[in-house]
Number of protein chains: 2
Amino acid sequence: MPTKLSTAEENYLKAIYKQAEKGGAPVNTNAIARELSTAAASVSDMLRKLSAKGLIAYQKYYGATLLDEGNRIATKLIRRHRLWESFLVATLSFGWEEVHDLAEELEHIDSDLLIDRLDQFLGYPKFDPHGDPIPDRQGRYTLRVQHLLSEMPIQQHLTVVGVSNHDPEFLHLLKDLNIQLGTRLDIVQKFEFDDSLKVLIEEHTSVIISNRISSQLYVRPA
Amino acid sequence: MPTKLSTAEENYLKAIYKQAEKGGAPVNTNAIARELSTAAASVSDMLRKLSAKGLIAYQKYYGATLLDEGNRIATKLIRRHRLWESFLVATLSFGWEEVHDLAEELEHIDSDLLIDRLDQFLGYPKFDPHGDPIPDRQGRYTLRVQHLLSEMPIQQHLTVVGVSNHDPEFLHLLKDLNIQLGTRLDIVQKFEFDDSLKVLIEEHTSVIISNRISSQLYVRPA
DNA sequence: ATATATTTTTAGACAAGACTAAAAATAATT
DNA sequence: AATTATTTTTAGTCTTGTCTAAAAATATAT
C-alpha cells in the first residue's frame, strides 16, 4: 500500500494540504496550479492519478480533498520540511530567510529513521524557525497561542511567536527591525488612519510598523 | 556555463569518475552500465548528451573520459557524499554500514553554502566513516597512508584506516569482529595455505581473519 | 433565461530517461 | 584471414511530468 511516491506527486499532496488549510476543502484546480506555478492542465492530470492511487478524493469540475493516506503523507512532508529548517538554522547557522528552498529539497529524502534521528538531535523542537508547529511522528501538532499583532489592543509584554509570510524579503525586513522569534514587544500607540502601530522592541528601540507588517506577525501575551 | 544538471547526469559523471579511478581511462560503456545497474543502450544515449555539454570526451566504440568541468562536478559530488556520510555517523549516530544510500540522495542537493557549513560544523574532517578522503572546496584530497592488511608482514601496532568494500554486509561483519576505523591490530601469525592471518584486536581478542577480509582492509603502521 | 466569462478538462506534443531488439563495430579464436 | 563472440550503438517504444490550444462544464451577469 505505501508505494513510493515521486517528488512531483509529493509536491501536489503538499499543495493540496496547504490550500485546504487556508481555503478549506475542496481545493480547486487553479489554487493548486498557482501554488505550484504550473499549468492547470497539469494539475487535472495529476489529480486523476492521485485519485487512482487512493490518496485524494477528486470529482471533476469540483475539487480535491486529501484522504487519510494522502493526509498522512502530506503531514510527514511538513514534518520533514520543518525539522530540516530547524536544523539549518539551529545547527548550520542559516538565517530564517534562507532555509525554505533547501528544506524543500531535503524533505523529499525518504527515511523515517533519518528524520527521527534529526528530531532527536535537535531535542524534539515543537516549532520551526518561523514559529510553525512541527508535527510529531504521529502527525500531531502542538497548538501555538497566536494573535496577529495588528489585532492586539495597546498592550505591553508581547512575544513574537511566528510569521504568516515566509517570503525572504519580508523576513529580511524583520531582521533589519531586530525582530525575530522570541523578540519582546510593547504596543505603545495605535494610529487609526493607516492602522500603523508604534512599537517598542525589546524595551529598547521604538519604531512605527505598518499594518502590512503587523498583520503578518503572530504574537502572544507575556 | 555551469548549467544545472539532473540527478541522472550527475550519477553518470560519478560513475565515470569511479570507473576511471579503478580501471583507468577511457571508461567503456559496459562498466558504466554495471556501475549504475542500467542498460548499455541508456549509457550510450547519456554519453552523447554529456559529451554535447562538454563534460566528457567521448568517442563511439571507444569510451569516455571526464573533461575538466566533468571532473570538477564529480569531485564535488564525492565531497558532498562523504561529508553527508560523516554527518550521519558523527552527528546522527548512524552505523558506517547504513549511510551510503542516504548520502547518495543527499549529495544531489545543490548548495555550496550548505555543504561548506556542514563541513565547518563537522570540523573539516579529512576522511569519511569508511576512511575515504574528503576533497576540500578546491577538490584537493588528503592522501591516506594505506596498505592492505593482507600484504603486511607479521607486525605489531597497526591501525585500521579504511576499507575498500562498502558493502553493508561486509561492514557489518567487521563490526561483529570489533573492527572499525581506528582499531589497533597486531599480526601475530600468517598461514600460507589459505593466506589467513591470526590477528590480535586492540590487545584484546585474538581472531583468524580470512584473506577475503584482510585484502579489503587498509591499515597503516603505528 | 440567455449570453458571457471563467474554470476545468481533454487532446495532442514534447523532453528526459529508461527499456528491448536489432544492427553495426570491435575483439577474440581457430 | 575468416569466423565467432562480445561490445556498443541505433531504432523504436514506454512512462512521467510538463506544456499549449481547444472543448466542455460551471459560474456570473445582463
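A, B, ... follow the sequence lines: proteins, then strands. Residue 1 opens every chain. Worth knowing before you read on, the calculation uses all heavy atoms, side chains too, and leaves out hydrogens, waters and symmetry mates.
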With sequence neighbours left out, the residues meeting ring pair (Phe, Tyr, Trp, His ring centres under 6.0 Å) with B:His108 are none

Answer yes if the side chains of A:His166 and A:Asp132 hold a donor-acceptor pair under 3.5 Å, and no otherwise.
yes

Could you report the tightest heavy-atom contact between B:Gly95 and B:Lys175, atom names first, then the distance?
CA-NZ, 3.8 Å

Could you go through residues 16-27 of chain A and list every donor-acceptor pair under 3.5 Å that involves a side-chain atom there, pairing it with any protein atom two or more places apart or in another chain?
from    : atom 1 : to       : atom 2 : distance (Å)
A:Tyr17 : OH     : A:Tyr141 : OH     : 2.8
A:Gln19 : NE2    : A:Glu35  : OE1    : 2.7

N/O contacts under 3.5 Å, protein versus nucleotides 15-18 of chain D?
from   : atom 1 : to      : atom 2 : distance (Å)
D:dG17 : OP1    : A:Ser6  : OG     : 2.3
D:dT18 : OP2    : A:Tyr12 : OH     : 3.3

Indicate yes or no: does A:Arg79 engage A:Asp116 in a salt bridge with an N to O separation below 4.0 Å.
yes

Using a cut-off of strictly less than 4.0 Å between a heavy atom of the residue and any atom of DNA chain C, enumerate the qualifying residues of residues 19-31 of chain B by number.
none

Chain A footprint on DNA chain C, 5' to 3' - any atom under 4.0 Å from a heavy atom
C:dT7 to C:dT10

Counting only heavy atoms not in A:Gln138, do more than 12 fall under 6.0 Å of its CD?
yes

Give a yes or no on whether a salt bridge exists between A:Lys76 and A:Glu107, defined as a side-chain N under 4.0 angstrom from a carboxylate O.
no

With a 4.0 Å cut-off, would you call B:Arg80 and B:Asp110 a salt bridge?
yes

With the threshold set at 4.0 Å, does a side-chain nitrogen-carboxylate oxygen contact exist between B:Lys14 and B:Glu104?
yes

Partner of B:Ile187 under side chain to side chain contact (heavy atoms under 4.5 Å, CB included), chosen from B:Leu158, B:Ile209, B:Val219
B:Leu158

Hey, can you pull the residues of residues 56-65 of chain A with a non-hydrogen atom under 4.0 angstrom from DNA chain C?
A:Tyr58, A:Lys60, A:Tyr61

From CG (B:Leu13) to CG (B:Leu50), nearest 0.5 Å:
5.0 Å

Specify whether A:Phe121 and B:Phe87 have parallel, tilted or perpendicular ring planes, treating 30° as the upper limit for parallel and 60° as the lower limit for perpendicular.
perpendicular

